[in-house]
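Note sheet for the following structure.
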Amino acid sequence: MRRRSRRTPTLPATTWSAVATTSASRPASKLEKVRTDEKIFADRGHWRDPDALTVLGVANTNQQDPISGSVNTKEAYLELSAPLLADMPFAERVELNGAVRYSDYNLFGNNITYKLGLDWTVISGLRLRATYGTGFRIPSVPELFGGVAEGNLTTTDPCSRYSTSGDATLIANCQASGVPAGYVQLGNTVLTTVGGNQNLQPEESENLTLGAVFQPEFVPGLSVTVDYFDIQIKDAIRNIPGSTKLAVCYASPNLSHPFCGPEHFTRSTRTGEVNFLSSQPTNAGKETMKGVDFGVRYAFDVAHLRADLDWNTTYLAKYEVIPFVGADPIIFDGYIGGGNGGYPHWRSNASLTVSDVNWNATWSVQWIGKAKDFNASPGDIGDETPNDFYHNVQFAYRVSEKANIAVGVDNLFDRDAPFIQSWTDANTDTMTYDLLGRRGYVRLQYTF
């Protein structure tokens, strides 16, 4: 009897890569990127330090320290891509991916982060994927060494009129701080220090993603993805407003909260008023974010033209921030305003492009879902935003192999930004909505 030969699955070779690097974060005087909320400005390719009079605090502006500092880093990482199974029932291909990184910082010591991933092609057209990883972010040079400056920021002093508050804890704490019984805050601002904080420590994070990719053979050109994400950040670097620090401190028994320390605020021994208040970044936070990303990509032919549909949607199920030790979580998901930005549960972007050899036309739509105002009471004007849709169109034509021209209109239907009760500027949330209205443009691109 003739024996049949058994087919042996063929596995691609295991792939390794390893790299060692060394680098230095240049002093803040030559930084190329800074966060937009930091008062550091470029001047001829260098970062401009305050002048001598400003540093001394005698100029016609608030005092600010010079900007100076650097971080040196040495890193090495290893990556692995190893096939586990192939050409088997319900396992056309199973691949393990991994990576590990060793980092050594002159200011923060060493750290190891890693990532593990599994990519499983169940059958033709259906792929499952999972990734677990850790993260480590050192403070940026501006966060560490950005010049400390002063500003008169809107602040509420809880000890103002404390003797008539009826709050036993508040009365005892204000008396222990040496605040006179008849003390009343002058105005609604307090001179507050902002800028870098050289006592910051790195953030650490853990993240998990679980997803699926569906590319059915019976619908050529269609790809559907679904991905769940779960991100946890420890020791998150956050700026805690001065009002929050004071309120938390004086609500704690016997001034026991860490925010009661002299590194956060001090009072005048003569008047009782706050004469130093810090709103510099600290490692006081913990953040949790969970949600689901959906994606649809479909490429198909329409007569002699090519069409591409691209649709991406995110559902933010949970975004909570614990701003300091002992605080209740602040819920961000589904809320907007108050200088925090916008975090609606739903966001989406979709575009349809039709193209020929020498031209293409695109219609895109951005959807920003409903959100509640962080600070408004239910029923107030602007306590909740509606669903907002922005439509954009563009037509591009290839004049030659080197030249292209494009014309377009953004915010085609001239959608106004909604009114928000706790607006940051322009009666709305400027970090979320379009402020310019309908506008057109012409763009010419030439390759030399």
Side-chain angles (χ1 to χ4, degrees), residues 34-39 41 151 153-154 188 239 241 243 289 291-296 307-321 330-354 360-397 405-445:
V34 295
R35 287 168 41 181
T36 57
D37 60 348
E38 291 170 319
K39 305 292 185 181
F41 302 92
L153 305 184
T154 302
N188 62 348
N239 291 78
S243 292
M289 179 179 287
V292 182
D293 288 328
F294 305 90
V296 177
D308 290 277
L309 173 67
D310 192 2
W311 182 17
N312 296 284
T313 302
T314 295
Y315 173 69
L316 182 61
K318 179 179 181 180
Y319 182 25
E320 292 184 355
V321 176
I330 300 174
I331 298 174
F332 279 70
D333 56 275
Y335 286 86
I336 193 172
N340 298 293
Y343 302 92
H345 285 297
W346 290 98
R347 282 180 182 264
S348 185
N349 288 281
S351 66
L352 176 63
T353 300
V354 178
N360 65 76
T362 300
W363 184 300
S364 63
V365 181
Q366 179 190 15
W367 170 36
I368 302 172
K370 295 181 180 180
K372 297 180 180 178
D373 190 286
F374 271 104
N375 302 316
S377 300
D380 288 348
I381 297 176
D383 69 319
E384 185 175 15
T385 63
N387 289 303
D388 257 296
F389 296 88
Y390 294 107
H391 297 257
N392 311 304
V393 293
Q394 183 190 85
F395 178 82
Y397 184 77
I405 188 171
V407 295
V409 178
D410 290 341
N411 197 351
L412 180 64
F413 299 115
D414 200 21
R415 176 71 175 178
D416 290 331
F419 173 76
I420 293 177
Q421 186 75 227
S422 56
W423 47 269
T424 51
D425 202 357
N427 293 324
T428 190
D429 188 89
T430 57
M431 294 175 278
T432 303
Y433 296 105
D434 179 86
L435 303 180
L436 300 179
R438 184 192 299 118
R439 57 201 180 275
Y441 60 88
V442 177
R443 184 177 68 234
L444 177 63
Q445 180 179 357

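For the numbers below, each heavy atom of this structure counts, side chains included, while hydrogens, waters and symmetry mates do not.
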Task: By salt bridge (charged side-chain N to carboxylate O under 4.0 Å, His left out) - contacts of Arg438 (at least two apart) - done: none
Task: Spacing of CD1 belonging to Ile381 relative to CD belonging to Gln421, to within rounding of 0.5 Å - done: 8.0 Å
Task: Tyr335 to Asp373 - nearest heavy-atom pair and separation - done: CD2-O, 3.8 Å
Task: Crowding at CG, Leu444 (>12 non-hydrogen neighbours, <6.0 Å) - done: yes
Task: salt bridge (charged side-chain N to carboxylate O under 4.0 Å, His left out) partners of Arg439, counting only residues at least two apart - done: Asp434
Task: Given Ile420, Asp429, Ile368, the one that forms side chain to side chain contact (heavy atoms under 4.5 Å, CB included) with Thr385 - done: Ile420
Task: Spacing of Ser364 atom OG and Leu352 atom CG [to the nearest 0.5 Å] - done: 10.5 Å
Task: Verdict with reasoning, Trp367 to Phe389, per side chain to side chain contact (heavy atoms under 4.5 Å, CB included) - done: CA-CA 5 Å; Trp367 170 36; Phe389 296 88; 3.6 Å; yes
Open item on the list: Could you tell me if the side chain of Asp383 sits less than 4.5 Å from the side chain of Lys372, heavy atoms only?
Closed with: no
- [ ] Find the distance between OH (Tyr397) and CD1 (Ile405) and round it off to the nearest 0.5 Å.
- [x] 11.0 Å
Task: Nearest heavy atoms of Gly342 and Ile336, plus distance in Å - done: CA-CG1, 3.4 Å
Task: Aromatic plane relationship, Tyr343 with Phe332 - under 30° parallel, 30 to 60° tilted, over 60° perpendicular - done: perpendicular
TODO: Supply the atom-to-atom distance Phe395 CZ to Thr362 OG1, rounded to the nearest 0.5 angstrom.
DONE: 10.5 Å
Open item on the list: For Trp346 and Ser348, which I'm curious about, is there any donor-acceptor pair between the side chains at under 3.5 Å?
Closed with: no
Open item on the list: Closer than 3.5 angstrom, by distance alone: can the side chain of Thr432 be matched with the main-chain N or O of Gly341 as a donor-acceptor pair?
Closed with: no
Task: Criterion side chain to side chain contact (heavy atoms under 4.5 Å, CB included) on Asp293 and Asn312, from CA distance to verdict - done: CA-CA 7 Å; Asp293 288 328; Asn312 296 284; over 6 Å; no
- [ ] Look up atom CZ in Phe374 and atom CD1 in Ile331, then write down how far apart they are to the nearest 0.5 Å.
- [x] 10.0 Å
Task: Over all atoms of both residues, closest heavy-atom pair of Asn411 and Asn392 - done: N-OD1, 2.8 Å
Task: Shortest non-hydrogen contact from Pro344 toward Gly369 - done: CB-O, 3.4 Å
TODO: Write down the atom of Tyr441, the atom of Gln394, and the distance for their closest heavy-atom approach.
DONE: OH-NE2, 2.9 Å
Task: Nearest-0.5 Å distance that lies between atom CE in Met289 and atom CD in Glu320 - done: 11.5 Å
Open item on the list: Classify the ring geometry of Tyr390 against Tyr433: parallel below 30°, tilted from 30° to 60°, perpendicular beyond 60°.
Closed with: tilted
Task: Exercise: identify the closest heavy-atom pair between Asp416 and Asp388 - done: O-OD1, 4.1 Å
